Amino acid sequence: MAAQTVGDFVLSRLREWGVRTVFGYAGDGINGLLAAWGRAENQPEFVQARHEEMAAFEAVGYAKFTGRVGVCAATSGPGAIHLLNGLYDAKLDHVPVVAIVGQTARSAMGGSYQQEVDLLSLFKDVASDYVQMVTVPEQLPNVLDRAMRTAEGRRTVTAMIIPSEVQDLEYAAPKHEFKQVPSSLGLTWPQLAPDADGVRAAAEVLNAGRKVAMLVGQGARGAAAEVEQVADLLGAGVAKALLGKDVLSDELPFVTGAIGLLGTRPSYEMMKGCDTLLTVGSSFPYTQFMPKLDQARGVQIDIDPALIGMRYPNEVNLVGDAAATLRALIPLLERKTERRWREGIESDVSRWWETMAKQAELDADPVNPMRLFSECSDRLPENAIVTADSGSAANWYARNLRMRAGMRGSLSGTLATMGPGVPYGIGAKFGHPDRPVIVFAGDGAMQMNGLSELITIKRYWPQWTDPRLVVAVLHNNDLNQVTWEMRAMSGAPKFTESQSLPDVDYAGFAASLGLRALTVDKPDQIGPAWEQALAADRPTVLDVHCDPNVPPIPPHASRDQMTATARSLLAGDEDRWQVMASGIKTKLQEFLPHRGG
Ligand SMILES: Cc1ncc(C[n+]2csc(CCOP(=O)(O)OP(=O)(O)O)c2C)c(N)n1
Ligand SMILES: [Mg+2]
């Protein structure tokens, strides 16, 4: 039998770690690994993206939706550089991803050789927790094991660099000798008990409050039952940070939905009116949407001592697992008998959803994007996984999509980069081939890279047990989110040269790949299009001609923002008349009298 090479060993160690999928792209910097893949009958499965950044996003999506470590691979120099944006997306959203990259052969290093880039420096920031180069076989498995364990344990990005010819060396294990570092597999987590004094102090603050608001983020995932119970005891409403959208069902009457720039009015009002704030598993950054600094008494629960206590002047910062800490807190909480605060929140929430339904029904030219999301909500399968690209889609996803228990959703929450929509969807399908996946992406994001990743979908969909992957393109020929930000924040009119997009036939492109493709340019086609896409025997692209003049900015936009918008329109915005018509119609819904309101 031929000797085992370093490349062979890397793949066998990944298999031992339970890695089933590696998202990557070839290059001679990793030829030794690719050859090993061939010998290993493609185990773990090498998934070929169109671009290394997409491979990284696919690993991030995979990690977000499975909770397992995502792994991506790329060649030296340009391949490694292309990975970066996707790796930063993982780092900023606290998702475990390991990057494996090639490097110039050891004999050429330092010689300004072709494709030689100082990769240790390049990855120093993005993989600040662990980045190492393997220059002799005996460094393995330690470097790989630490990369896996550190990524998982610290929920971050790590990187392993292997010079090209090292991959072909015969593997030699570390020995029981001076300057050799053996290693081992696996990781089990401790069950950490929350601090009893801290829990008592938290209960005291929460029991004293009369108007309690809760804010939950992705750290509260897996603690839905506890969050619900605490909210009931405290008579509180619960707002959700963007990455925590799938923590609690939007069908619960006290869930106020998203908060912040993409948020809902009930979240905004609750934060404005509360006297106590309980934050669980969130480091939501836009503190101006939280209570005034002297308004509320704060308690925060977070697993990470490095992230707790920094968004609000809390009285109690409790480090711990969300579910375990809430379970410790529950017996100490007194059920609030005065329920008017909670009833007020619930009536705000039901009024909000009525308003959203009315706004979604308004005519637009041609399709109102809000209706695309509300009609999707009505039809979402129980186990759906939903993602959205950055752009107006992220706003509608945050505010208008109604998630139910059992569904998963995520997007690029912190880096807010364009481009991850379609690759996250692909990562989700590799993690859960049996679940339907829905991607919302702007036309700008599709042109940036979503279109090319449709080619990746073409290649792999036949192997998914449930072939449904729906990509809904918000086709508005505009970088609409930024157009509106410029109007609302800067009072600047639309700068056509930077904002308008060339028109592309997204459905035509998808059809050319053999995917199901539907063009939607009339409002009453939206519902049937969702029905068809969710009943299809293959992935579907919905090319939805959306009106760019329905404002994605939140309804509680400040007076300043409204004034700035008006100023921008008067300054000669090419869409001013349509914006006035659609925008004002939409806004008006919020001021019209409501049933019981
Ligand atoms: C990589 C990257 N480049 C630029 C931006 C700034 N940006 C945020 S949203 C957006 C517009 C997105 O346009 P599109 O995908 O067409 O979605 P729309 O808002 O029109 O629905 C831009 C340019 C970004 N977030 N990330
Ligand atoms: Mg657009």
Side-chain angles (χ1 to χ4, degrees), residues 51-54 56-57 60 81-93 126 242 260-262 285 364-373 376 387-401 411-425 439-454 471-490 492 494-506 520-521 541-554 573-575 578-579 582-583:
H51 182 302
E52 293 84 354
E53 181 178 325
M54 305 309 112
F57 282 144
V60 184
I81 293 167
H82 268 179
L83 284 180
L84 270 184
N85 193 47
L87 296 180
Y88 271 107
D89 184 41
K91 182 184 176 85
L92 269 58
D93 277 355
V126 74
L242 196 50
L261 288 171
L262 315 183
D365 184 18
V367 165
N368 182 340
M370 297 173 92
R371 182 152 170 194
L372 177 67
F373 284 75
C376 175
T387 182
D389 215 293
S390 300
S392 71
N395 286 259
W396 309 125
Y397 164 90
R399 274 206 302 279
N400 296 73
L401 194 81
L411 37 60
S412 174
T414 317
L415 188 61
T417 177
M418 277 173 77
V422 178
Y424 270 21
V439 175
F440 290 97
D443 43 7
M446 291 305 287
Q447 293 181 15
M448 193 176 265
N449 55 38
L451 282 173
S452 31
E453 282 312 290
L454 293 181
V471 178
V473 183
L474 282 75
H475 183 162
N476 53 22
N477 294 338
D478 187 31
L479 296 174
N480 196 236
Q481 175 71 16
V482 175
T483 301
W484 274 101
E485 281 166 357
M486 287 179 67
R487 286 174 181 144
M489 308 287 185
S490 323
K494 175 172 169 177
F495 174 50
T496 309
E497 283 306 312
S498 79
Q499 299 313 108
S500 287
L501 290 172
D503 193 37
V504 168
D505 178 5
Y506 302 93
V520 175
D521 52 14
V541 170
L542 299 181
D543 181 353
V544 189
H545 292 246
C546 289
D547 188 341
N549 298 320
V550 177
I553 52 175
D573 193 294
E574 66 172 15
D575 293 331
Q578 298 92 309
V579 168
S582 309

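Positions are given from 1, in the same order as the sequence printed here. Numbering of ligands and ligand atoms starts at 1, following listing order. Because the structure is predicted, anything quoted here is derived from the model rather than measured.
Using a distance-only test at 3.5 Å, with no hydrogens or angles considered, a donor-acceptor pair links the side chain of Q447 to the main chain of P502. Without hydrogens or angle criteria, S390 side chain to A416 main chain gives a donor-acceptor distance under 3.5 Å. The main-chain N or O of D478 is never found under 3.5 Å from a side-chain atom of Q499 such that the two would form a donor-acceptor pair. For D521 (side chain) and H545 (main-chain N/O), no donor-acceptor pair under 3.5 Å exists by modelled atom type.
Residue contacts with ligand 1, taken as heavy atom pairs separated by less than 4.0 Å, involve A416 solely via the backbone atoms N, CA, C and O. By the criterion of a heavy-atom distance under 4.0 Å, the side chain of N476, and not its backbone, is placed next to ligand 1.
Polar contact check, L479 against ligand 1: no nitrogen or oxygen pair lies under 3.5 Å apart. Residue G444 has at least one nitrogen or oxygen atom sitting less than 3.5 Å from a nitrogen or oxygen atom of ligand 1, judged on distance alone. The shortest N or O to N or O distance between N85 and ligand 1 is not below 3.5 Å. When only interatomic distances are considered, the shortest N/O to N/O separation between D478 and ligand 1 falls below 3.5 Å.
Distance CE/M448 to CE/M418: 4.0 Å, rounded to 0.5 Å. The distance from atom CE of M370 to atom CG of L401, rounded to the nearest 0.5 Å, is 12.0 Å.
Taking only non-hydrogen atoms, the option from G391, A445, A388 nearest to atom 15 (O) of ligand 1 is A445. The closest non-hydrogen atom to atom 5 (C) of ligand 1, taken over M448, Q447, E53, M418, comes from M418.
Protein heavy atom closest to atom 7 (N) of ligand 1, with residue, atom name and distance, is V482 CG2, 3.5 Å. Nearest protein heavy-atom contact of atom 21 (O) of ligand 1 is S392 OG, 2.6 Å. Summary of contacts: the protein heavy atom closest to atom 17 (O) of ligand 1 is G442 CA, 3.5 Å.
Inclusion of N476 in the first shell of the Mg ion (ligand 2) is supported: an N, O or S atom falls under 2.8 Å.
Interface atoms of ligand 1 facing N480, defined by a heavy-atom separation under 4.0 Å, are 18 (P), 19 (O), 20 (O). Close contacts between ligand 1 and T417 involve ligand atoms 1 (C), 26 (N) [criterion: under 4.0 Å to a heavy atom].
Nearest to the Mg ion (ligand 2), among the N, O or S atoms that D478 has, is O. In terms of distance to the Mg ion (ligand 2), the nearest N, O or S atom of D443 is named OD1.
Between H51 and H82, the two ring planes are parallel [angle under 30°; tilted spans 30° to 60°]. Between H475 and Y506, the ring planes lie perpendicular to each other; the angle is over 60°, past the 30° to 60° tilted range.
Checked options L262, N395, L261; the residue passing with P552 is N395 (criterion: side chain to side chain contact (heavy atoms under 4.5 Å, CB included)). Each of D389, D89, N85 was scored for a side-chain hydrogen bond (donor to acceptor under 3.5 Å, both in side chains) with T417, with one residue passing: N85.
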Given the rule in the side chain to side chain contact (heavy atoms under 4.5 Å, CB included) test, do V60 and D93 qualify, once you have shown the distances and angles that lead to the verdict? CA-CA 9 Å; V60 184; D93 277 355; 6.0 Å; no

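Using a 4.0 Å cutoff on heavy atoms, D389 does not count as a contact of ligand 1.
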